[in-house]
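Encoded as structure tokens, the structure appears first; notes follow it.
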Amino acid sequence: VQLQASGGGLVQAGGSLRLSCAASGSIFSPNAMGWYRQAPGKQRELVTTITSSRSTFYADSVKGRFTISRDNAKNTVYLQMNSLKPENTAVYYCNLQSRGTYWGQGTQVTVSS
């Protein structure tokens, strides 16, 4: 299984970014896809997840600003990030749980103040 993330970049505070992550290989259902992030000097933390039946979970810090969605036919998960804050700066990693745990390569999100 491989995960390919894209969509990171540099944005000003208050701006928006959309991340994508496409999974390929042997992917079984049910499964869950999600996003984690790791800021400099901090541990990796869970941001949001979505199951193949589209049940979602959000960390309190992103509720109301971030939206996760997925296209099951494409095995792709999206993260729409609005009202970004400098503290959202981190490397964002996509994750797939499907009879195992798989990680994407990470994409940098930088929010300037």
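Computed over heavy atoms, backbone and side chain alike; hydrogens, waters and symmetry mates excluded.
A side-chain hydrogen bond (donor to acceptor under 3.5 Å, both in side chains) check over residues 95-105, counting only residues at least two apart or in different chains, returns nothing. Legend: ring-ring contact (aromatic ring centres under 6.0 Å, His included) pairs involving residues 58-94, not counting sequence neighbours: none detected. The disulfide bond (SG atoms under 2.5 Å apart) analysis of residues 38-92, with sequence neighbours excluded, yields no pairs. Here salt bridge (charged side-chain N to carboxylate O under 4.0 Å, His left out) pairs that include residues 57-70, with residues two or more places apart or in two chains, are D60-K63. Each salt bridge (charged side-chain N to carboxylate O under 4.0 Å, His left out) pair with one or both residues in residues 39-58, not counting sequence neighbours, appears once here: R37-E45. Identified under the salt bridge (charged side-chain N to carboxylate O under 4.0 Å, His left out) test for residues 72-90, with sequence neighbours left out: none.
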Identify every side-chain donor-acceptor pair in residues 106-113 under 3.5 Å, counting partners at least two apart or on other chains, and give the distances.
| residue | atom | partner | partner atom | Å |
| --- | --- | --- | --- | --- |
| T107 | OG1 | G8 | N | 3.2 |
| Q108 | NE2 | A90 | O | 3.4 |
| Q108 | NE2 | T110 | OG1 | 3.3 |

Side-chain polar contacts of residues 10-30 - donor-acceptor pairs under 3.5 angstrom, sequence neighbours left out - could you list them?
| residue | atom | partner | partner atom | Å |
| --- | --- | --- | --- | --- |
| S16 | OG | N82 | OD1 | 2.9 |

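Shown here are the side-chain contact (heavy atoms from CB on, under 4.5 Å) partners of T49, two or more places apart in sequence or in another chain: L46, F57.
Under the 4.5 Å side-chain heavy-atom criterion for grouping Ile, Leu, Val, Met, Phe, Trp and Tyr, V77 is not connected to V91 through any hydrophobic cluster. With hydrophobic clusters built from ILVMFWY side chains whose heavy atoms lie under 4.5 angstrom apart, I50 shares a cluster with V47.
Rounded to the nearest 0.5 Å, atoms CG (N72) and CG (N31) are 7.0 Å apart. Between the CE atom of M33 and the CG atom of L96 there is a distance of 5.0 Å, given to the nearest 0.5 Å.
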